[in-house]
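We count ligands from 1, going down the list as the structure has it; atoms in each ligand are counted the same way. Just so it is clear, the structure is predicted and the values come from calculations on it, not from any experiment.
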Amino acid sequence: MRLIFLGPPGAGKGTQAAVVSDKLKIPAISTGDILRESVKSNSPIGLKAKSYMEKGELVPDEIVAGIVADRIKKGDALCGFILDGFPRTINQADKLKEQLDKQSIKIDLVIYFETSEPVIISRLSGRRICKNCSANYHVKNIPPKVQGVCDKCGGELYQRVDDKENTIKNRIEVYKKQTASLIDYYKQKGSLRTISGDLDVKEAYKVLTAMFKKEKLL
Ligand code: AP5
């Protein structure tokens, strides 16, 4: 199964991508995670991406499209994948289509996580990430057993630099200006399905599973 998870920051795309990836045994490919790793390791891509990410701006299309083109050719993605946070512009979507055509594959569904702004703000401001394994928590909704410590690996939890109030506001604006037009783009192609991003984690997964069954993907 090949899926795109589309939606505003904080919609829960990464959280559901991790759950679906685990259940269906297909990789969740998050351009945000790949870019954060690149920044951490000071790679040439990381050095280019850092200032855009800190401000909540999009990293240039050719950088992210190249990352995804390389990643989906890897062995673990040959039978399926979830793209989380890519594409984010019409140009990225066109580049993805070109790449998929070359590989003679297609996206089965684009899932749009429709999410209200108060939910986005509360989720992003409360998000905490493990420094070590990148596991994702929320101070109220999905708290770790011990405050500040990852349940999975004992690593230290931190707040993403772009989850500060002003950057959250800018990311929402960037989403509205540069990414939201993909909703119509994929609607016109007939592959868009919508889920409420406001649902809790288990409920959202149930709705997704029902959707996959209805589309005969499961
Ligand atoms: P990226 O990492 O992709 O950030 P984003 O899209 O802004 O998405 P988020 O990770 O903030 O939200 P999410 O929907 O995954 O929510 P999550 O599940 O974590 O991108 C970061 C930056 O990288 C961009 O700003 C840009 O600079 C660059 N970039 C990345 N991709 C790019 C691209 N294609 N082109 C150009 N630049 C790119 O959940 C959020 C919180 O809510 C968590 O704390 C979670 O625990 C909690 N939560 C999740 N679901 C629920 C739920 N159902 N109920 C209650 N709490 C929940």
Item to check | Distance (rounded to the nearest 0.5 Å) between S196 OG and F113 CZ | outcome: 10.0 Å

Next on the checklist: Please state which option from K55, Q159, K50, R36 has its nearest heavy atom closest to atom 2 (O) of ligand 1.
Outcome noted: R36

Next on the checklist: With nothing but distance in play, are any N or O atoms of G85 less than 3.5 Å from an N or O of ligand 1?
Outcome noted: yes

Checklist outcome for this item: In this structure, atom 45 (C) of ligand 1 is nearest to the protein heavy atom N136 OD1, 3.4 Å

Checklist outcome for this item: From the list K169, R36, R128, R171, salt bridge (charged side-chain N to carboxylate O under 4.0 Å, His left out) partner of D163 resolves to R171

Next on the checklist: Any nitrogen or oxygen of R127, side chain or backbone, less than 3.5 Å from one on ligand 1?
Outcome noted: yes

Checklist entry - Just distances here: any N/O of G126 and N/O of ligand 1 closer than 3.5 Å? => result no

Checklist entry - Is ligand 1 under 4.0 Å from a heavy atom in the side chain of L58, in the backbone, in both, or in neither? => result both

Item to check | From the candidates T31, L35, V39, the one that places a heavy atom nearest atom 29 (N) of ligand 1 | outcome: L35

Checklist entry - To which of E54, R123, Q16, Q92 does the heavy atom nearest atom 42 (O) of ligand 1 belong? => result R123

Checklist entry - Does the ring of Y185 carry K189 above it, NZ/CZ under 6.0 angstrom from centre and within 45° of its axis? => result yes

Item to check | Among K13, R160, E203, closest by any non-hydrogen atom to atom 4 (O) of ligand 1 | outcome: R160

Checklist outcome for this item: In ligand 1, the atoms that come under 4.0 Å of a heavy atom of L199 are 52 (C), 53 (N), 54 (N)

Checklist entry - For the atom pair CG (D151) and CD1 (I142), what is the distance rounded to the nearest 0.5 Å? => result 11.0 Å

Item to check | Per-atom contacts of ligand 1 with L124, taking only distances under 4.0 Å to non-hydrogen atoms | outcome: 11 (O)

Next on the checklist: Show the nearest heavy-atom pair for residues Y137 and P143, with the distance to one decimal.
Outcome noted: CD2-C, 4.2 Å

Next on the checklist: Using a 3.5 Å cut-off on N or O atoms only, is T15 in polar contact with ligand 1?
Outcome noted: yes

Checklist entry - Considering only heavy atoms, does D200 approach ligand 1 within less than 4.0 Å through its side chain, its backbone, both, or neither? => result backbone

Next on the checklist: Taking a cutoff of less than 4.0 Å between a non-hydrogen atom of the residue and any ligand atom, is G10 in contact with ligand 1?
Outcome noted: yes

Checklist entry - Between the main-chain N or O of V201 and the side-chain N or O of Q16, is there a donor-acceptor pair closer than 3.5 Å? => result yes

Item to check | I142 contact mode with ligand 1 (heavy-atom cut-off under 4.0 Å) | outcome: side chain

Checklist entry - Relative to ligand 1, is Y175 under 4.0 angstrom through side chain, backbone, both or neither, heavy atoms considered? => result neither

Checklist entry - If we ignore angles and hydrogens, is there a donor and acceptor under 3.5 Å between the side chains of D162 and T167? => result no

Next on the checklist: For the CZ atom of F212 and the CG atom of D108, what is their distance to the nearest 0.5 Å?
Outcome noted: 9.5 Å

Checklist entry - A11 to ligand 1: N or O pair under 3.5 Å? => result yes

Next on the checklist: Checking side-chain polar atoms at under 3.5 Å, does T115 have a donor or acceptor matched by the opposite partner on D198?
Outcome noted: no

Checklist outcome for this item: Within 4.0 Å of some non-hydrogen atom of V64, the atoms of ligand 1 are 32 (C), 33 (C), 35 (N), 36 (C)

Item to check | Atom indices of ligand 1, in the order listed, that fall short of 4.0 Å to a heavy atom of Y137 | outcome: 43 (C), 44 (O), 46 (O)

Checklist entry - In ligand 1, which numbered atoms sit nearer than 4.0 Å to a non-hydrogen atom of N141? => result 55 (C), 56 (N)

Item to check | Within 6.0 Å of OH in Y205, more than 12 heavy atoms from elsewhere | outcome: yes

Item to check | Residues E57 and N170: side-chain donor-acceptor under 3.5 angstrom | outcome: yes

Next on the checklist: With clusters defined by side-chain heavy atoms of hydrophobic residues (ILVMFWY) lying less than 4.5 Å apart, directly or transitively, does I183 cluster with L58?
Outcome noted: no

Next on the checklist: Within the 4.0 Å heavy-atom shell around E57, which atoms of ligand 1 are there?
Outcome noted: 26 (C), 27 (O)

Checklist entry - Given E62 and K95, is the salt bridge (Lys or Arg N to Asp or Glu O under 4.0 Å) satisfied, shown in steps? => result CA-CA 9 Å; E62 52 282 8; K95 284 179 185 295; 5.9 Å; no

Checklist entry - Out of M53, K202, R171, R88, whose heavy atom sits nearest atom 20 (O) of ligand 1? => result R88

Item to check | Atom indices of ligand 1, in the order listed, that fall short of 4.0 Å to a heavy atom of G14 | outcome: 13 (P), 15 (O), 18 (O)

Checklist entry - Where is the nearest protein heavy atom to atom 16 (O) of ligand 1: which residue, which atom, and how far? => result G12 N, 3.3 Å

Item to check | Part of V59 within contact of ligand 1 (heavy atoms, under 4.0 Å) | outcome: both

Item to check | Nearest atoms (heavy-atom pairs only) where T194 meets M211 | outcome: O-CE, 3.7 Å

